[in-house]
Participant: 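Here you go, one structure.
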Amino acid sequence: MRRALVFLGELSPAFLVLLDKFSSYQNIDLVFIESAHRKSIIPRNIVTKHLLLKDFDRDLEKAICDFYHNYEQLYCLCVSYGNAQKYRELGVRYQKLTLMVASNHCIDIMKSKQAMSNAAVQSGLPVLDTYYLPEQIDKVQLPAAIRPVSEDQSDFKAALIFNTEELSSFSTKPIIAQPFIIGPNLVVHVAKKEDYFSVEYFIVKDKFEGVALSMERVAEEEFKYLNEKIYLFLEEINFSGVGHFEFIMSDKDYSKLFFLDFNGRLGGTTLKSYALGYDEVSRLLLLNGVELHTEEEKQPFTTVTNYMSLTKQVVKSLRGYKNALDFPCNDGMSNFKHNLSIFFKAKNELSSLPLKVQVYFLWNTIIEKIKV
């Protein structure tokens, strides 16, 4: 039976993992579809078909229809919620599509910070004091982290508010506000389908402008009390697939943690967790009946980072730059020394991939920078 795995989107961490997997022989074709304005350089000996769409929305169905007639089964994968919803629309008309994305019902919930917060409360997960603007603007504790109630209704993702004047500028928008806490993040990768359920725990001890800089795997035992509540959360939103939770923790007491978000998709920590020994991409494929051939088990790293992000952080800290979202947020040379030390204690996440995949990724990154 001729089958194809169709990845829709861009050269994301999840697709890099797929390039690693398909570097060795697989009994399924790999198809990559992206917008023509990106035009990534892709290794032709790994990707069976690389399709560029000039009009993404208009041409996508035609592309899927062509593949539909050439393959007996199509397994559809992507990262963004928008592309997942495009897949869902096509799935209604094409029966041979196996959609490895969240349902539209789940996506609507995950796009709503209010719905996510409510689901966390219902499942017993610890949640920060939460206020909704403009109705509860007088109750907001400063400094505060604010986010739009819905991703579809705003032009910003998140912001830090330190005074009432800044807060007032958001008084007419549907905003969710919570106390701003700085500390490490607990990242919990999950996989769930019907009776199957698994969790993997990771700690982000270093953050650069709020994004994971270094990450390490931790034993489940330390946070095992969260397992049942996480399972109840996934049941509450009727989720099936893979994703990850994010919690903010006290840097002095890891038992003091609060729910921040849940992303029911492959994300920014997919490659880091892969380098640490958790293959989220293969887990998702297995849940949908696709088993990829693995030539040999890789030795997982202990701590991983992204050398490009780390280099930026080192240079900025040397210049005295400091961002409120950085963690730990030291002053002067102590900040520089701490960031520099990560080079010696952490492996580059890209090092978990074959050299040719690393080269393709770096080359595409350089091209994107030139375009900008």
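Note that the structure is predicted; figures quoted are calculated from it, not measured. Below, all heavy atoms of this structure are taken into account, side chains as well, without hydrogens, waters or symmetry copies.
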Participant: Is there a side-chain contact between Val31 and Leu5 (heavy atoms, below 4.5 Å)?
Facilitator: no

Participant: Between Lys312 and Glu209 (salt bridge meaning N to carboxylate O under 4.0 Å), is one present in this structure?
Facilitator: no

Participant: State, to 0.1 Å, how close Pro126 and Leu257 come at their nearest heavy-atom pair, and which atoms those are.
Facilitator: CG-O, 3.2 Å

Participant: Membership question, hydrophobic clusters at under 4.5 Å side-chain separation (ILVMFWY): are Leu284 and Phe15 in the same one?
Facilitator: yes

Participant: Tell me whether Lys96 forms a cation-pi arrangement with Tyr68, defined as NZ or CZ under 6.0 Å from the six-membered ring centre and within 45 degrees of its axis.
Facilitator: yes

Participant: Do Arg3 and Asn27 pair up side chain to side chain, a donor and an acceptor below 3.5 Å, judged on atom types alone?
Facilitator: yes

Participant: Starting from Val17, can I reach Tyr278 by hopping between I/L/V/M/F/W/Y residues whose side chains sit under 4.5 Å apart?
Facilitator: no

Participant: Would you name the heavy atoms of Thr303 and Leu276 that are closest together and state the gap between them?
Facilitator: N-CD2, 4.0 Å

Participant: Check the side chains of His50 and Glu34 for a donor-acceptor pair under 3.5 angstrom, ignoring hydrogens and angles.
Facilitator: yes

Participant: Is there a side-chain contact between Leu19 and Phe361, using heavy atoms and a 4.5 Å cut-off?
Facilitator: no

Participant: Is there a side-chain contact between Arg217 and Pro300 in this structure, where contact means two heavy atoms from C-beta onward sitting under 4.5 Å apart?
Facilitator: no

Participant: Flag the pair Phe245 / Phe233 as yes when at least one side-chain heavy-atom distance between them is below 4.5 Å, and no otherwise.
Facilitator: yes

Participant: Can you see whether Asn118 engages Glu236 through a side-chain donor-acceptor pair at a distance of less than 3.5 angstrom?
Facilitator: no

Participant: Could you check whether any side-chain heavy atom of Thr302 comes within less than 4.5 Å of a side-chain heavy atom of Glu216, counting everything from C-beta outward?
Facilitator: no

Participant: Hey, do the aromatic rings of Phe239 and Phe262 have their centres closer than 6.0 Å?
Facilitator: yes

Participant: Hydrogens and angles aside, do Ser35 and His37 bring a side-chain donor and acceptor to less than 3.5 Å of each other?
Facilitator: yes

Participant: If we count only N and O atoms by modelled type, under 3.5 Å, do the side chains of Ser80 and Asn83 hold a donor and an acceptor together?
Facilitator: yes

Participant: Is the shortest heavy-atom distance from the side chain of Leu292 to the side chain of Ile28 under 4.5 Å?
Facilitator: yes

Participant: Ion pair present between Asp279 and Arg283, side-chain N to carboxylate O less than 4.0 angstrom?
Facilitator: no

Participant: Group every Ile, Leu, Val, Met, Phe, Trp and Tyr by side-chain heavy-atom contacts under 4.5 Å, then state whether Leu11 and Ile33 land in the same group.
Facilitator: no

Participant: Applying a strict under-4.5 Å side-chain criterion to I, L, V, M, F, W and Y, I'd like to know whether Phe32 and Tyr75 cluster together.
Facilitator: yes

Participant: Any side-chain heavy atom of Tyr94 within less than 4.5 Å of one from Cys65?
Facilitator: yes

Participant: Do Leu310 and Asp206 have side chains that approach each other closer than 4.5 Å (heavy atoms only, starting at C-beta)?
Facilitator: no

Participant: Would you please indicate yes or no on a ring centroid separation below 6.0 angstrom for Phe202 and His189?
Facilitator: yes

Participant: State the OH-CG distance between Tyr274 and Leu16, to the nearest 0.5 angstrom.
Facilitator: 10.5 Å

Participant: Would Val199 and Leu125 show up in the same hydrophobic cluster when neighbours are defined by side-chain heavy atoms closer than 4.5 Å?
Facilitator: yes

Participant: With no hydrogens and no angle check, just 3.5 Å: does a side-chain donor-acceptor pair link Lys113 and Gln178?
Facilitator: no

